[in-house]
Amino acid sequence: MPRPAIDLFHEAFGAAPRAAASAPGRVNLIGEHTDYNGGPVLPIAIAQRTTAVIGPGADGDEGVLEAVSTRDKQVVRVHWQEALPTGWAAYVGGVLRELWSLEVIPPNGSARVALSSEVPIGAGLSSSAALTVAVTKALAPNLKPRQIAGVAFRAEHDHVGVRCGVMDQTISALGMRDHALLFECASLEATQIPFDARLLLVDTGKRHDLSTGGLNQRRAECEEAVKRLKVELPELQWLASWPAEWLPRLKRALREPLRSRAVHVVGETARTRFAAQLFQEKKLRQFGKLLYESHESCRRLYECSSPELDTVVAAAKRAGALGARLTGAGWGGAAIVLVNKTDKKTVPAIQRAFERAYGRSAPISEVHASAGAHTERL
Ligand code: GLA
């Protein structure tokens, strides 16, 4: 809904906006921490979206970005070529820099941006990609979805400095209603797979901040693992390309914690490709088993789970859910739970277990595969 952002634009800048666009957050069904290792991911775009409403800067305000969000309604003013502020406005500045390098906007271009979002921040639902993709689509509506994903990715990765992969921006730009996207992050091959399953989202309420968190550290560990494994296999480019049948050799070549990180990535890569195939064949029970395995691998080997996420997944399993796992980077955030359409037991079972463990409730909602970025009418 563009209305809150349109109203905010008027309120903050005393002028009418020129264009608007929105982009969704995402959940990842399986394929965690594989994207920056050149492996596959299987995300869907969710119904919650971020809306960006834009207009030109004030007369004479060259090279200035003014940005405001419904969250605090404070206008951030920045010379986007020179320095980026901290916080969410840095992501908007990063998009301007990228659009400048594509010559979509001039070097002294100015812009005003108002944002509103339904995607909770730090919940592992990719609020940052929803933001960068929405702003890119609003400022450059004629770019192709893959170009938009590229701009949004580089804004976050190169300018804000989060060492993320390409999954979040790609699904936010390319997502299709009622479809999941199998995306191979090395070849960039994209396959839309019909999504017709009952999927629950459980928000643990524990927030993470990826710009300071474990993601950068994990990525460095994966790079170190590739460096060492190149001694064994000089042509190795991506950790995910290590042959799964050579796991014993990988284990001999690496020490902890690199060994565990690499075993996760190689295992998760094979698991995700198999899972996508099962999902396409509608073999949800087998698919669900792989979700549990993926969670276990994230927890034990990649060490990116949290006690709250483990509580949710264990309760789902006990209640007989088809599958469950953390989604997104982990270290808090949300879990997904795959259930039969007639299942009535899983939701109350998770609620009971969570309340018993943490003395508070964890909101549970149903996830629908939604459309990627599009322009909005003003
Ligand atoms: C974050 C990153 C993604 C991906 C996931 C983990 O969401 O932004 O690129 O690496 O973590 O799968």
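Quick note: residue numbers are just sequence positions, from 1. The analysis underlying the following values was restricted to heavy atoms, covering all of them including side chains, and did not include hydrogens, waters or symmetry mates. Just follow the structure's listing: the first ligand is 1, and inside any ligand the first atom is 1.
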With heavy atoms of [X] as the reference, note each atom of ligand 1 found under 4.0 Å away.
X	value
Y36	10 (O)
M167	4 (C), 5 (C), 12 (O)
E32	6 (C), 12 (O)

### Query
Between the side chain of H159 and the main-chain N/O of Y91, is any donor-acceptor distance below 3.5 Å?
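No; zero donor-acceptor contacts below 3.5 Å.
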
### Message
So does W246 get a backbone contact from the side chain of W242, meaning a donor-acceptor N/O pair under 3.5 Å?
### Response
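Side chain of W242 to backbone of W246, a donor-acceptor pair under 3.5 Å: yes, one is there.
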
### Query
Between the candidates L125, V166, D35, which shows the shortest non-hydrogen contact distance to atom 10 (O) of ligand 1?
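The residue whose heavy atom sits nearest atom 10 (O) of ligand 1 is D35.
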
### Message
For R26, which part has a heavy atom under 4.0 Å from ligand 1: side chain, backbone, both, or neither?
### Response
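Side chain only.
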
### Query
Is the closest basic N to carboxylate O distance between E303 and R261 below 4.0 Å?
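Answer for the salt bridge query: yes.
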
### Query
Considering all heavy atoms of both residues, which atom of L378 and which atom of A20 are nearest to each other, and what is their separation?
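Heavy atoms only, the tightest pair is CD2-CB, 3.8 Å.
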
#### Entry: Non-neighbouring partners of F9 that pass ring-ring contact (aromatic ring centres under 6.0 Å, His included), sequence neighbours left out
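Per chain and number, F9 pairs via ring-ring contact (aromatic ring centres under 6.0 Å, His included) with F13.
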
